[in-house]
Amino acid sequence: MTMKRFTRRTFLGLAGAAAAAGLAPRTARAGIGPNEKINLAVIGCGGMGSRHIEALAVNDNCNLAALCDVYIPRYVDQQKVVEERSGRKPDGYQDFRRVLERNDIDAILVATPDHWHPLLTILGCEAGKDVYVEKPACTTVQEGRAMVNAARRYGSVVQVGIQQRSMPLFQQAIEIIHSGRLGVITSATAWVGTNGSLVQESVREVPRGLDWDLWLGPAPWHDYTQERFTAFRAFMDYARGGELANWGVHLVDILHWGIRQDRPLTAQAVGGNYLGGAGADNYEVVDALLEYPGATVTWEQRHSNTHSSKGYGMRFQGTRGRLTLDRASYWLENLAPDSDLTPGEVVGAPELSWANPDHHNNFFECIRARRKPRTDVEIGVRSTSAILIAGVALKVSRKLVWDGDAERFIGDAEANKHLTRPYRAPWRLDV
């Protein structure tokens, strides 16, 4: 591993983005042996972060050196979990900048609300760390490109938490699709249920131990409400589209993998709050259509939504057969009389945790070998961007034409305004 160094310009950018609150320029350890543990810090110890911590505490490839959360009781609780499972208590921090300034930490795992994913990834790369960041990679297309640029500029390994690519069941299904035995894949579908309900929100006193200003970070200022803190996906300031940007990234990523395309040509979407109980900023029901070279991709977010008895999942429609899958199994159907496929269901190993150990281990292996992981940041950003593009089409209520190279809508200035978002001072995004 080559020692990463900071120029004065790089450090000034980092200091500005991190509000210049005592963050000194540091670098990760100069080299990590093939059998040496990765010193890891987890930033964000809530729901998904706690699942990662449970798995990582007993993973022989890493040492959980530090835990960080803006809400102190969260990292304190998780320190106890790690100590019980591993016999060692990690250090605890409320401010992520204290983590980034530590020379002995090789990598960070970002499991914060979505609006922090881009900036923490970029700052991690600038601080000489490798980064595992939860999905969605970003909340805007511009942020995603800045993440890729930072990873390449500083030579960081960046894995996005789209763990299905590390699951054997999905690898087997994709092998069948890519073998051509389903014929030409001309369409693919992903589906899930609706966004959750949020009746109302009310301003309250900030809980003791919570740095609310730091939780908001680059997002617009808003007085504390428990709903924003615990149900952030209902609000566009912190997430884009609810389940569209949550499950949508997982499922559309597999569709991209299957059709070997990740840059839509066009996007259109419709939706609404037909029962009146959707999340604060997000539609309850969403249908989207993305056109790719040689295939169409549809997203269905509906009530009572099942295909082949699966309440969520993906389906590939080929000229000779169909394949339907979720994390439990895949189902094959023949459409050609001379097909060599055996129709029926193939059941995979039970999913023990959303925090997939194989995905973690792929990240650690790539840190040691200095190579791109299974869901390298470019893959994660492209799968996230497709969902964001559909969200913009929903917002402007018309079909949009997308330039995948320039990452801009063609001839639509209004739609292009949604490709970025302002950051609240003193935070900023250096692109």
Distance-only donor-acceptor check, side chains [X] and [Y], under 3.5 Å:
X: Glu143; Y: His117; answer: no
X: Thr420; Y: Thr140; answer: no
X: Glu291; Y: Thr266; answer: yes

Carboxylate-amine/guanidinium contact [X] [Y], below 4.0 Å:
X: Arg165; Y: Asp358; value: no
X: Asp114; Y: Arg240; value: no
X: Asp405; Y: Arg263; value: yes
X: Arg421; Y: Asp237; value: no
X: Arg145; Y: Glu378; value: yes
X: Arg370; Y: Asp130; value: yes
X: Glu407; Y: Arg382; value: yes

Q | Residues in ring pair (Phe, Tyr, Trp, His ring centres under 6.0 Å) contact with Trp331, at least two apart in sequence or another chain | A | none
Q | Working for side-chain hydrogen bond (donor to acceptor under 3.5 Å, both in side chains), residues Ser308 and Arg315 | A | CA-CA 10 Å; Ser308 301; Arg315 170 172 284 174; 2.7 Å; yes
Are [X] and [Y] an aromatic pair by the rule of ring centers under 6.0 Å?
X: Tyr312; Y: Trp247; value: yes
X: His222; Y: Trp215; value: no
X: Phe316; Y: Trp257; value: no
X: His303; Y: Tyr274; value: no
X: Phe229; Y: Tyr71; value: yes
X: Phe409; Y: His418; value: no

Q: Please step through side-chain contact (heavy atoms from CB on, under 4.5 Å) for the pair His360 and Asn61, ending with a clear verdict.
A: CA-CA 9 Å; His360 288 159; Asn61 283 302; over 6 Å; no
**Q.** Pi-cation contact, Phe235 with Arg228 (under 6.0 Å, within 45°)
**A.** yes
Q: Give, for atom CD1 of Ile53 and atom CE of Met48, the distance between the pair rounded to the nearest 0.5 Å.
A: 11.0 Å
Tell me if a side-chain donor or acceptor on [X] pairs with a main-chain N or O of [Y] at a distance below 3.5 Å.
X: Gln159; Y: His359; value: yes
X: Gln261; Y: Tyr292; value: no
X: Asp287; Y: Val270; value: no
X: Asp253; Y: Val249; value: no
X: Asn362; Y: Arg374; value: yes

Q: Apply salt bridge (charged side-chain N to carboxylate O under 4.0 Å, His left out) to the pair Arg398 and Glu414, showing each step before the final yes or no.
A: CA-CA 11 Å; Arg398 60 178 170 272; Glu414 180 189 358; 2.9 Å; yes
Below 4.5 Å, heavy atoms only, C-beta onward: do [X] and [Y] meet side chain to side chain?
X: Tyr132; Y: His52; result: yes
X: Leu251; Y: Trp299; result: yes
X: Leu182; Y: Leu341; result: yes
X: Phe96; Y: Leu119; result: no
X: Gln301; Y: Glu284; result: no
X: Leu255; Y: Met314; result: yes

**Q.** Full working for salt bridge (charged side-chain N to carboxylate O under 4.0 Å, His left out) between Asp213 and Arg424
**A.** CA-CA 11 Å; Asp213 182 70; Arg424 183 171 65 100; 3.0 Å; yes
Give me the atom names and distance for the closest heavy-atom approach of [X] to [Y].
X: Arg85; Y: Glu54; answer: NH1-O, 3.2 Å
X: Val377; Y: Ala151; answer: CG1-CB, 3.9 Å
X: Ile162; Y: Gly380; answer: CD1-CA, 3.9 Å

(Q) Assess the residue pair Ile254 and Ile174 against the criterion (side-chain contact (heavy atoms from CB on, under 4.5 Å)); give the C-alpha distance rounded to whole Å, side-chain angles, the decisive distance to 0.1 Å, and a yes or no. (A) CA-CA 8 Å; Ile254 298 301; Ile174 293 297; 4.2 Å; yes
**Q.** Derivation and outcome, salt bridge (charged side-chain N to carboxylate O under 4.0 Å, His left out), residues Lys310 and Asp326
**A.** CA-CA 7 Å; Lys310 296 179 182 294; Asp326 62 11; 3.0 Å; yes
